[in-house]
Amino acid sequence: MKAIIIGGGIGGLSAAIALKRCGMATEVYEAVKEIKPVGAAISIWPNGVKCLNWLGMKDSLQQLGGPMEYMAYYEHLRGQTMTRFSLDPLIQSVGERPYPVARAELQDMLIDAYRREEIHFGKRVMSIEEFDDGVRATFEDGQIAEGDLLIAADGTHSVIRPYVLGHQTERRYAGYVNWNGLVEIDESIAPANQWTTFVGEGKRVSLMPVAGNRFYFFFDVPLPKGLAEDRATVKTDLSRYFSGWAAPVQKLIAAINPETTNRIEIHDIEPFMQLVRGRVALLGDAGHSTTPDIGQGGCAAMEDAVVLAIAVQTNSLGVKDALLRYQEKRAYRVKDLVLKARKRCDVTHGKDMAVTHSWYEELKSETGERVLSGMRETIMGGPLE
Ligand code: FAD
């Protein structure tokens, strides 16, 4: 049995490692010659961490993860603490900790776990076709690859998704822009062991520790799509949007490097229940594109990989049956994650400012119990709970 995997991002590589681990022959085809992840870092929540542990990367991941022990929200203007609590009750109840990690390092870890020399870089798939006992991918350079099944992990702009669904999908602008990057830890901005968030005006500024004495930072601002802003204007843009905000926020804006700060208009795709057609399965963002508001897009891709590999390995009725079982196990889970993230997105980013203000008020009486119980529910919905 051989699997063709299209896409060498978090989803494609997790799937390739998982299938290889289950004794399957795999070939990974990645469009670009060198992968440059879109964001600076990512928080891997315990459901994702468990998947990477299962894939044999437990020790490597521990080296990359930042020491995130606490979570806190601060009021935007004076920086007063709204709530601060330990993440330990969550860790104890789910059996694993979260790891914020730099994306480039996560990507390298996955590539090394699979074996860099075995990845076919610079191979952009143009079309696929199925025949009685296999599936074929044709690449831009005319090369073809054939296998028993094909995993489409080609991201949110997937060219294979229309083949599976039978129609095109529209990406939906979520209404806000996210700037993100890495900066050296400065404890006068935020504690080094805390996920820190300043909130106000439907905007937020957040910092999480990653390994190597760095904060992963991000700024969110509700804005129209398509503004003429880029790296060249990042400091003036952020200074304008966060004018009057507390001193640590101003200090962070002064510290960031515009050259390595990303500006992303956040989108998702209306969830759909079909993830599989015949011998072809959608995985990761190709099958479920979410806003990053609960930090679960990459984790869900890791979950997909584990479920897919188990479905294929434990099935004796054939590839098509195994993929349908994968779809059955994943469709509701990923729909739930996309819709939860959308709901969180709207509350955080002031879609209805009255609702957002009620959330700010709630935070002032938050002991950690409500927030952690919501996170626990999301985490425990994973395949390795
Ligand atoms: P991608 O990472 O997009 O990889 C797809 C790969 O396929 C790419 O390498 C691409 O080059 C390749 N490809 C595309 N087309 C072709 C083709 N035709 N042929 C061959 N190859 C092709 N998730 C979390 O879990 N936690 C977080 O904290 C988090 N934060 C986020 C913050 C932001 C701002 C954003 C935008 C996302 C965040 N996510 C987070 C989501 C996460 O980044 C994605 O869910 C994850 O990267 C999806 O991985 P993927 O492999 O499915 O897709």
Side-chain angles (χ1 to χ4, degrees), residues 4-16 27-49 51-52 65-66 68 98-103 106-107 110-111 119-128 137-141 143 145 150-163 171 174 176-181 195 206 208 210 216-220 261-269 282-305 334 337-338 341 345 378-379 382:
I4 304 295
I5 294 124
I6 306 300
I10 295 172
L13 288 173
S14 298
E27 288 176 6
V28 177
Y29 293 90
E30 164 54 50
V32 299
K33 293 212 165 80
E34 191 192 344
I35 297 179
K36 295 200 179 96
V38 288
I42 175 172
S43 53
I44 309 180
W45 291 97
N47 52 314
V49 174
C51 293
L52 294 180
M68 196 165 73
Y99 286 113
V101 298
R103 271 186 196 256
L106 172 65
Q107 188 71 33
L110 293 166
I111 288 177
I119 300 171
H120 303 268
F121 287 102
K123 294 287 172 190
R124 180 173 296 279
V125 76
M126 300 304 284
S127 63
I128 58 165
T138 304
F139 300 94
E140 207 173 25
D141 61 4
Q143 190 187 326
L150 184 141
I151 309 305
D154 54 342
T156 187
H157 301 284
S158 173
V159 296
I160 305 171
R161 186 165 53 224
Y163 170 82
R171 293 175 83 228
Y176 77 97
V177 172
N178 168 286
W179 289 260
N180 66 70
W195 176 13
S206 219
M208 282 181 177
V210 300
Y216 163 43
F217 67 81
F218 57 88
F219 297 81
D220 289 353
T261 300
N262 308 293
R263 182 188 187 278
I264 303 172
E265 293 179 336
I266 298 297
H267 291 77
D268 66 9
I269 294 178
L282 300 174
L283 185 142
D285 280 11
H288 41 83
S289 291
T290 175
T291 68
D293 290 81
I294 57 170
Q296 283 287 345
C299 297
M302 294 164 197
E303 290 185 1
D304 288 348
V334 294
L337 291 176
V338 173
C345 165
T378 299
I379 290 162

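Source: prediction; values computed, not measured. For ligands, and for the atoms within them, numbers begin at 1 and follow the listed sequence.
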Q: Are Leu52 and Leu106 packed together at the side-chain level, in the sense that at least one heavy-atom pair is separated by less than 4.5 angstrom?
A: yes
Q: Does an N or O anywhere in Ile266 fall below 3.5 Å from an N or O of ligand 1?
A: no
Q: When you compare the side chain of His288 with that of Leu337, does any pair of heavy atoms fall below 4.5 Å?
A: no
Q: Out of all atoms in ligand 1, which are within 4.0 Å of some heavy atom of Gly295? Include the element for each.
A: 24 (C), 25 (O), 26 (N), 27 (C), 28 (O)
Q: Quick one: does Trp45's side chain get under 4.5 Å of Gln296's, heavy atoms only?
A: yes
Q: Going by distance alone, is a donor N or O of one side chain under 3.5 Å from an acceptor N or O of the other, for Tyr29 and Asp154?
A: no
Q: Would you mind running through ligand 1 and noting each atom that sits below 4.0 Å from a heavy atom of Ile6?
A: 19 (N), 20 (C)
Q: If you define the side chain from C-beta out and look only at heavy atoms, does anything of Leu110 sit under 4.5 Å from Ser14?
A: yes
Q: Find all atoms of ligand 1 within a distance of less than 4.0 Å from any non-hydrogen atom belonging to Val159, and give their numbers and elements.
A: 18 (N)
Q: Between Lys123 and ligand 1, which residue portion shows a heavy-atom distance shorter than 4.0 Å: side chain, backbone, both, or neither?
A: backbone
Q: Go through ligand 1 atom by atom and flag the ones less than 4.0 Å from a non-hydrogen atom of Gly298.
A: 23 (N), 24 (C), 25 (O), 41 (C), 42 (C), 44 (C), 45 (O)
Q: Please identify which atoms of ligand 1 are closer than 4.0 Å to at least one heavy atom of Gln296.
A: 24 (C), 25 (O)
Q: Closest by any non-hydrogen atom to atom 7 (O) of ligand 1: pick that one out of Gly7, Ser43, Gly9, Ser127.
A: Gly7
Q: Can you see whether Asp285 engages His157 through a side-chain donor-acceptor pair at a distance of less than 3.5 angstrom?
A: no
Q: Got Arg161 and Leu282 here, is their nearest side-chain heavy-atom distance under 4.5 Å?
A: yes
Q: When you look for heavy atoms under 4.0 Å from ligand 1, do you find them on the side chain of Arg103, its backbone, both, or neither?
A: side chain
Q: Tell me which one of Glu30, Met302, Arg124 gets a heavy atom nearest to atom 12 (C) of ligand 1.
A: Glu30
Q: Can you find a non-hydrogen atom of His157 under 4.0 Å from ligand 1?
A: no
Q: Would Ala301 count as a polar contact of ligand 1, with the cut-off being nitrogen or oxygen pairs under 3.5 Å?
A: no
Q: Contact between Asn180 and Ile264 at the side-chain level, heavy atoms closer than 4.5 Å - yes or no?
A: yes
Q: Looking at Gly11, which atoms of ligand 1 are within less than 4.0 Å of one of its heavy atoms?
A: 49 (O), 50 (P), 51 (O)
Q: Is any side-chain heavy atom of Ile160 closer than 4.5 Å to one of Ile128?
A: yes
Q: Out of all atoms in ligand 1, which are within 4.0 Å of some heavy atom of Gly284? Include the element for each.
A: 52 (O)
Q: Nearest heavy atom to atom 34 (C) of ligand 1: which of Asn178, Leu13, Val177, Val28 does it belong to?
A: Asn178
Q: For ligand 1 and Cys299, I'd like to know whether there is a polar contact (N/O to N/O, distance under 3.5 Å).
A: yes
Q: Would you mind reporting whether Val49 and Pro98 have side-chain heavy atoms less than 4.5 Å apart?
A: no
Q: Arg171 and Thr156: side-chain donor and acceptor closer than 3.5 Å?
A: yes
Q: At their closest point, which heavy atom of Gly7 faces which heavy atom of Val28, and how far apart are they?
A: O-CG1, 4.0 Å
Q: I need the minimum non-hydrogen distance between Asn47 and Cys299, along with the two atoms involved.
A: ND2-CB, 3.8 Å
Q: Kindly assign one of parallel, tilted or perpendicular to the pair Phe219 and Phe217, based on the angle between their ring planes and the thresholds 30° and 60°.
A: perpendicular
Q: Could you tell me, atom by atom, which parts of ligand 1 come under 4.0 Å of a heavy atom of Gly297?
A: 23 (N), 24 (C), 25 (O), 41 (C), 45 (O)
Q: So is Thr156 polar-close to ligand 1, meaning N/O to N/O under 3.5 Å?
A: no
Q: Report yes if some N/O of Ala286 lies less than 3.5 Å from some N/O of ligand 1; otherwise report no.
A: no
Q: Between ligand 1 and Gly48, can you find any atom pair, the residue atom being a heavy atom, that is separated by under 4.0 Å?
A: no
Q: Between Ile35, Leu282, Ile42, Asp285, which one has a non-hydrogen atom sitting closest to atom 40 (C) of ligand 1?
A: Ile42
Q: Report yes if some N/O of Val125 lies less than 3.5 Å from some N/O of ligand 1; otherwise report no.
A: yes
Q: Hey, is Ala31 touching ligand 1 through its side chain, its backbone, both or neither, going by heavy atoms under 4.0 Å?
A: both
